[in-house]
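Taking it in order: structure first as structure tokens, then the write-up.
Just the heavy atoms: all of them, side chains too, but no hydrogens, waters or symmetry mates, feed the values below.
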Amino acid sequence: MNQDTVKKIMWLYEVLSFFIGSIMTLVGKLKSGEIKPEDVNSRAIIAQLEALPDLPE
Amino acid sequence: MGLDVLGKVATVAGASALVAGVLSTIIEMIVQVINKNTSDKIKPWYIAIAVSAAVCFASKAGLLNPILQAMAIGTMPSQLDMGFTALLLSGGSGFTHDFFVKLKLRPGAEPAAQVPPVEPLKPAGRIRILMIPILAGVFAALYLLTGCATIPSLAKSLPGTITIENAQRTEQALGDWVTSLNGWAWDTYTKGSPEKQLWLKTNVNPVINKIKRAVVTYSSAVIVWEDTGQRPQNMDTLYSDVLTLYSDLMAATGKGGGS
């Protein structure tokens, strides 16, 4: 296995761990009930998301 | 083959490997007791499988919840759950390997008095038997890697869109998730090598942009629900769209990557 392959595997591992970790955090938040519905502001969430710049494609 | 299907196949394969490992362990222990061969009973496999099995079963039975709640963790973190499951699979795989090596393969191993000498297997037979633990290990790794594919199914089972309160909670969690995804992608993109940037631009960024738009649409539907008191008919579809996009995101990582 050459160095490029090892680097590629490490990089994919890094990406996969972030994606998996992030979705697990999402599921954990939903299951634990730590988010109170009365604190949720839908319009603020939309504003927050729309303020995020689109990623280069 | 979709990730959902792959995840289910891997889960079944992983579970089969686990059952094979546990069964071989039980048989091995029985054989050891019958042969009064207790000299090498304690092995890493034993410790791994005992600890991980105890944690897995206690977690599934909800016995750990009082402790976790007392520690302000809430419920068993999925990462730990998966980690212990993988450890259990590895333990089972190790047992399988140990069982076959000890009983059939190890050259020069002294047979117990009651057991007739076992002739060493020919190389081809040895490879075939060694394939069992190797395959079990591969299945365990596959289970761990594609376990993520079962997460959308898990999320679908949550009452995310049944009541407006749950829809709002789901919306907040999705909003935080997308913000975190977007931040990670920007950071990785700006600091990445040209190869990584190209890979992100081609495979990952378009999906994250779509997820962001899907969550905005979902949030807009929640607003309609809040304002009118009527549950929009497409709530389930919108939620499932986000989860499908997550599967697409995972599938994108299978398209290689810049080093």
Side-chain angles (χ1 to χ4, degrees), chain A, chain B residues 73-75 77-79 82 145 147-148 151-152 154-155 158 160 164-186 188-189 196-197 199-202 204-206 208-209 212-213 215-216 219-220 222-223 226 246 249-250 253-254 256-259:
Chain A
M1 194 180 287
N2 62 37
Q3 204 174 358
D4 277 351
T5 311
V6 173
K7 275 186 183 173
K8 195 168 275 192
I9 291 172
M10 294 296 289
W11 158 245
L12 285 178
Y13 173 77
E14 181 191 327
V15 173
L16 268 177
S17 3
F18 179 80
F19 290 164
I20 295 170
S22 74
I23 198 74
M24 281 176 172
T25 307
L26 162 69
V27 173
K29 277 185 180 179
L30 288 171
K31 283 176 80 177
S32 66
E34 71 180 63
I35 301 171
K36 306 292 176 209
E38 59 270 22
D39 297 335
V40 176
N41 183 336
S42 302
R43 287 177 175 81
I45 292 171
I46 292 180
Q48 174 190 320
L49 292 178
E50 285 180 337
L52 295 175
D54 269 350
L55 297 164
E57 296 184 22
Chain B
I73 294 175
T75 52
S78 307
Q79 293 96 323
M82 277 180 70
L145 283 174
C148 53
I151 300 296
L154 172 64
L158 295 166
I164 190 164
E165 289 80 14
N166 281 328
Q168 287 166 328
R169 287 174 49 226
T170 304
E171 175 195 11
Q172 180 72 58
L174 287 175
D176 292 345
W177 175 54
V178 172
T179 306
S180 147
L181 265 184
N182 205 82
W184 172 86
W186 261 112
T188 311
Y189 181 81
K196 281 184 185 174
Q197 289 186 339
W199 182 74
L200 286 166
K201 270 171 76 169
T202 313
V204 173
N205 291 358
I208 294 181
N209 286 338
K212 186 174 72 174
R213 287 191 280 274
V215 174
V216 168
S219 295
S220 306
V222 176
I223 291 178
E226 287 169 347
Y246 170 72
L249 190 61
M250 296 307 299
T253 59
S259 52

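- Scanning both residues, P37(A) and Q168(B), for their nearest heavy atoms gives CB-OE1, 3.5 Å.
- With rounding to the nearest 0.5 Å, the separation of CG in L55(A) from NZ in K201(B) is 11.5 Å.
- Interatomic distance, R169(B) CZ to E38(A) CD, rounded to the nearest 0.5 Å: 10.5 Å.
- When the candidates I223(B), V216(B), V215(B) are compared by the number of heavy-atom contacts under 4.5 Å with chain A, I223(B) comes out ahead.
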For residues 178-185 of chain B, run the donor-acceptor check on the side chains, cut-off 3.5 Å, and write out each pair with its distance to 0.1 Å, sequence neighbours left out.
{"unit_1": "T179(B)", "atom_1": "OG1", "unit_2": "Q48(A)", "atom_2": "NE2", "d": "2.6"}
{"unit_1": "T179(B)", "atom_1": "OG1", "unit_2": "G175(B)", "atom_2": "O", "d": "2.7"}
{"unit_1": "W184(B)", "atom_1": "NE1", "unit_2": "T188(B)", "atom_2": "OG1", "d": "3.4"}

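- No donor-acceptor pair under 3.5 Å is formed between the side chain of N205(B) and the backbone N or O of E57(A).
- Atom NZ of K212(B) is separated from atom CD of E50(A) by 8.5 Å, given to the nearest 0.5 angstrom.
- Legend: residues meeting ring pair (Phe, Tyr, Trp, His ring centres under 6.0 Å) with W186(B), ordered by chain and number and at least two apart, are absent.
- How far CG of D54(A) is from CZ of R213(B): 5.5 Å, rounded to the nearest 0.5 Å.
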Exercise for the section: Using the side chain to side chain contact (heavy atoms under 4.5 Å, CB included) rule, take V222(B) and V40(A) through it: C-alpha gap first, then chi angles, then the decisive distance, then the call. Expected result: CA-CA 11 Å; V222(B) 176; V40(A) 176; over 6 Å; no
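- The heavy-atom pair separating S42(A) from S219(B) by the smallest distance is CB-O, 4.4 Å.
- Distance CD/E171(B) to CD1/I45(A): 4.0 Å, rounded to 0.5 Å.
- If you measure heavy-atom distances from E226(B) to chain A, the contacts under 4.5 Å come from the side chain alone.
- Your options are D39(A), I35(A), N41(A), and the one with the most heavy-atom pairs under 4.5 Å with chain B is I35(A).
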